[in-house]
Amino acid sequence: MFRSLGKSKIAFVLAILFGISLFFFRGSSRYSGLFESDNVVASVSGTPISTTKFLRVLDMNINQYSQMFGRQLTSEEIQAFQIHSMALGSLINNAVFENEFDSQYFIIDETVVASETKKRFPNLYDKNNKLNEKELNEFLKQQRLKIDDLVKIINYETRSNIFDESFLGVKYPNKFANIINKHNNHSRNIDLIKFNLNEYKLKNIENLDISINNKKIIDYFNKNINSYMVPEKRDVSYILVDKNDYLNQLTPSNDQIESYYNSNKKLFLEMEKRDFLQFNFKSLEKASEFKTNTISLNSEDIIKFAEKNNITFNNFTNVSKDEVLEELSNVIFNLQENNISSIVETALAKHVIIVSKIYPEFQKTIEESRGKIIDTLIDVELNNFILDLKNNINQQILDGLSLNEIANSNSLNIKKISKAKRDFGTIQDDLVKNEVVTKAFSSNKDFVSDIEDINENQSIIINVDNILYEKPYELNQVFEKVSEDWIKSLKIKEIESYIDDSIADSKLIKDLSLYFKTETSNIDLKFNSDDYPSAFKNKVFDNDIDKIYFSISNDDIYLAKNNKITFPDDDNINNQDLDLGNELRSFFGAEIVKNKNISTNDNLMQALISQY
C-alpha cells in the first residue's frame, strides 16, 4: 500500500531527497528525521526493517525463482525454499551495518544523498532540472516503496559504498587474481545434441491407455495434485471514499473568495523573478580566465564562447530569490540585466552569473488569483471534511458496525467484486480494485478492515463476504493437461533410461545423435554465456572430459559430452582486479553482529507470506 504525501509535505521531502540540485534549495537540514516507517518485520538494535522494504526484496527473490521454474510459486513453495528467510537475511545484514554506522556517528550530508539519488534516478527530472512529481509517485508505486524508505535506502547505500571503498578496498595479489581470472574465463568445448521433448516419439505410444480410468494416470494426478489446483477465490464488498466525489459540495462563494483575498493579499504578491545564466568552474583560475575572455562580449556571444570551449553552464528561468542558495541570490538579485557578475564561490563550485531578464514584483488581482483561492479553500475544507469522515468511520469500525451500517450512516455506496482471484489479471488497469483484492487476500472472512489510503485522494474499507478455498480440480476437469504431462513424464523416463544404457555400453555421442535423429553441434561454452539455461551450464562445468550427461529445461533436452577444457593465455585474459571486500565485510559483519540485538516479527511475516 502506498500512502501519498500531501503537496506541502512532499515539497519538504523532495527538498531533501531530490530537489537539491547543484545550486538549489537551501535550509534542507531542518527536514532530517521527518519520517517514521510503518510496521516493521524485524529490528536490529533499534534499526527497523520496514514491511515495504521486506516485501520489495521478497518480491524480487520470488520473481527470480519463478523465472527459474517458469511459473508462479505457491505460498507453500516460498516457505519450503526459505525465500522469505533469504530476503530477511539480506535485510538484516544491511541493518547490522546501518546500525553500526549510526552508533559510530558515521553520517553524510543530505546534499550528498540528494546528489546520489539524482545520479541513480535521472529520469525523475524534467529538462528544466525540476522533479517530475508524477514520475516519482509512479516510481515509488512500481518499486513498492514509501518515500521515507527510499530516502533511508539511498542514505545507507551511500554510506556503505564510502565505507567499503575506504576500509575494505583490498585486492587479491596479482598471482592469485591471475589464476582466478583464468578459471573464470576458461571455456569448454562440447559436442551438443539439443531437441524438444514434444518432438520425441514415445515407443509403443499407440498401445498406451490414455483414458480417465487408467490407474497410472490417476496415480500421476494424485502425486502431482499441487499442479492442478483450483485457485482460491473471494467475494469482497468494499467502500471507496474518494475526495473528488465531494468537490462540488464544497465550492466557495464569491463572498468567501473576496474575504480570503482581502485578508491574504501578501499570498498573491508575485515576487520579483529573474532569468539568469550560471557558468560553473572547478577552480578560481578557470573562472577568472573565463571572465577575462568574455568581458567585452554580449550574452549571446558569451553563450557561444562557452559552448565552443565546453564550459558547463545552466540557463534558469523565472527563479525567485528564495529558490537560490544565499551566496548566489545576493549576487543575482543585485545585478542589472545583461551584466556579468564577479566570481561567486560556493561549496559546490565557482560561478559566474549573467542576469538575462528581470520580472518585477507585482500584486495579482482578485480575478488573477481566483483559481488559486478556490483551490486553496476547497483543499482546506475538503481535507477537513475527509479527515472528519475518516475519524467517524474509524470509530464506527471500532464500535463493531457492519459495512452496510457504515455505508448507510455516511451516505456511502458499497461495491462488490465476485470470485476475485489472487492474480486479478482481468482488472490490471483498475488501481482501486487491485488494491481491494490484494487487501482481501490478507483479511479474514466477515471482518471489516481499517480504512486504508491507496493514494492521496482515495481510501478503502473492505469486508470479505465469502471464501472459496483452494482445492484440487476433479480429474475429468483437467484430464487433457494431466494426460499430456503424464506422457511427458514417460518420455523423460524413456530418454533417461536410454542414455543410462548407452553410457553403460560405452556408446559415442554420434550414436545418440543417430538415435534421436538430431544433428550434433560442436561449441565452445563459457560459464557466463546467456545462450543456454543455467541448469545445463552447471552440468557442463561439473562434468569431466569424455563424460556424457544431459539436462532438461522447459521441455528442451540438452545432451552433451565435454571434449576439451581451454584456459586463456596470459596475453588474452582480461586481468581484472579482484576485491577481497566481500570476504572482509563478512568477517567484519560476523564480529559486530555479536553486539546487536536482533528481533523479528514472525506473526507479521507469516501474514505477509500468506498473501502469495
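In what follows, every heavy atom counts, from backbone to side chain, and hydrogens, waters and symmetry copies are set aside.
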Whether Asn391 side chain and Leu387 backbone form a donor-acceptor pair below 3.5 Å: yes
Gap separating the OG atom of Ser483 from the CG atom of Leu475, nearest 0.5 angstrom: 9.0 Å
Thr438 side chain vs Asn434 backbone, donor-acceptor pair below 3.5 Å: yes
Any donor-acceptor N/O pair, Glu116 side chain to Ile154 backbone, under 3.5 Å: no
Asn99 side chain to Ala95 backbone, donor-acceptor under 3.5 Å: no
Glu361, CD: over 12 other non-hydrogen atoms inside 6.0 angstrom: yes
Check: Val436 and Leu240 side chains under 4.5 Å, non-hydrogen atoms: no
Separation of Arg234 CZ from Asp465 CG (nearest 0.5 Å): 11.5 Å
From CG (Leu58) to OG1 (Thr51), nearest 0.5 Å: 11.5 Å
side-chain contact (heavy atoms from CB on, under 4.5 Å) between Val324 and Phe316, intermediate numbers included: CA-CA 11 Å; Val324 189; Phe316 295 106; over 6 Å; no
Over 12 foreign heavy atoms within 6.0 Å of CG, Asn262: yes
Parallel, tilted or perpendicular, as decided by the 30° and 60° cut-offs, for the rings of Phe268 and Tyr260: perpendicular
Non-hydrogen atoms of Val448 and Leu401 that approach each other most closely: CG2-O, 3.9 Å
Criterion side-chain contact (heavy atoms from CB on, under 4.5 Å) on Lys419 and Asp235, from CA distance to verdict: CA-CA 5 Å; Lys419 294 182 174 56; Asp235 296 333; 3.9 Å; yes
Note, Arg370 side chain near Asn254 side chain (heavy atom, < 4.5 Å): yes
Neighbour count above 12 (heavy atom, 6.0 Å) for Glu474 CD: no
Working for side-chain contact (heavy atoms from CB on, under 4.5 Å), residues Asn198 and Lys488: CA-CA 8 Å; Asn198 296 314; Lys488 282 184 180 180; 3.5 Å; yes
Atom of Phe479, atom of Ser211 and distance for their closest heavy-atom approach: CZ-C, 3.4 Å
Shortest non-hydrogen contact between Asn318 and Glu323, atoms and distance: O-OE1, 3.9 Å
Given Thr376, Asp375, Val380, Ile374, the one that forms side chain to side chain contact (heavy atoms under 4.5 Å, CB included) with Pro252: Ile374
Nearest-0.5 Å distance that lies between atom CD1 in Ile49 and atom CZ in Phe54: 9.5 Å
Pair Lys223 + Asp219, salt bridge at N-O below 4.0 Å: no
Any donor-acceptor N or O pair under 3.5 Å, side chains Lys273, Ser320: no
Atom CE of Met229: over 12 foreign heavy atoms under 6.0 Å: yes
Residue pair Asp255 / Ser253, side-chain donor-acceptor N/O under 3.5 Å: no
Heavy atoms from other residues, nucleotides or ligands near NZ of Lys265 exceed 12 (cutoff 6.0 Å): no
Side-chain (Asn463) to main-chain (Phe447) donor-acceptor, under 3.5 angstrom: yes
Main-chain N/O of Ile451 paired with Ser459 side-chain donor or acceptor, under 3.5 Å: no
Stepwise side-chain contact (heavy atoms from CB on, under 4.5 Å) check, Asn224 with Asp485: CA-CA 10 Å; Asn224 298 276; Asp485 292 345; over 6 Å; no
Minimum heavy-atom distance between Lys439 and Asp450, given as atom pair plus value: CE-O, 4.0 Å
Nearest-0.5 Å distance that lies between atom CG in Leu269 and atom CZ in Phe362: 9.0 Å
Pairing of Glu100 and Lys596 as salt bridge, 4.0 angstrom limit: yes
Minimum heavy-atom distance between Ala420 and Phe441, given as atom pair plus value: O-CZ, 3.4 Å
Any donor-acceptor pair under 3.5 Å from Ser45 side chain to Asn597 backbone: yes
Pair Asp453 + Lys390, salt bridge at N-O below 4.0 Å: yes
Any side-chain heavy-atom pair of Leu412 and Ile414 under 4.5 Å: no
Main-chain N/O of Asp556 paired to Ser553 side chain as donor or acceptor, under 3.5 Å: no
Polar side chain donor-acceptor pair, Lys243 to Asn383, under 3.5 angstrom: yes
Polar side-chain atom of Ser160 near backbone of Glu157 as donor-acceptor pair, under 3.5 Å: no
Electrostatic pair Lys481:Glu484 at N-O distance under 4.0 angstrom: no
Distance (rounded to the nearest 0.5 Å) between Glu456 CD and Ile386 CD1: 12.5 Å
Heavy-atom closest contact (Asn155 atom, Ile108 atom, distance): O-CD1, 4.0 Å
Beyond-backbone contact of Val40 with Asn601, side-chain heavy atoms, under 4.5 angstrom: no
Qualifying side chain to side chain donor-acceptor pair (under 3.5 Å) pairs with a residue from residues 398-413, counting only residues at least two apart or across chains: Asn392-Asn410, Gln395-Asp399, Gln396-Ser409, Gln396-Asn410, Ser402-Glu405
Mutual orientation of the aromatic rings belonging to Phe221 and Tyr228 [parallel < 30°, tilted 30-60°, perpendicular > 60°]: tilted
Donor-acceptor under 3.5 Å (Lys491 side chain, Leu197 main chain): yes
Audit row: Arg159, Asp102, salt bridge (Lys or Arg N to Asp or Glu O under 4.0 Å) steps and yes/no: CA-CA 10 Å; Arg159 288 187 290 170; Asp102 292 340; 2.7 Å; yes
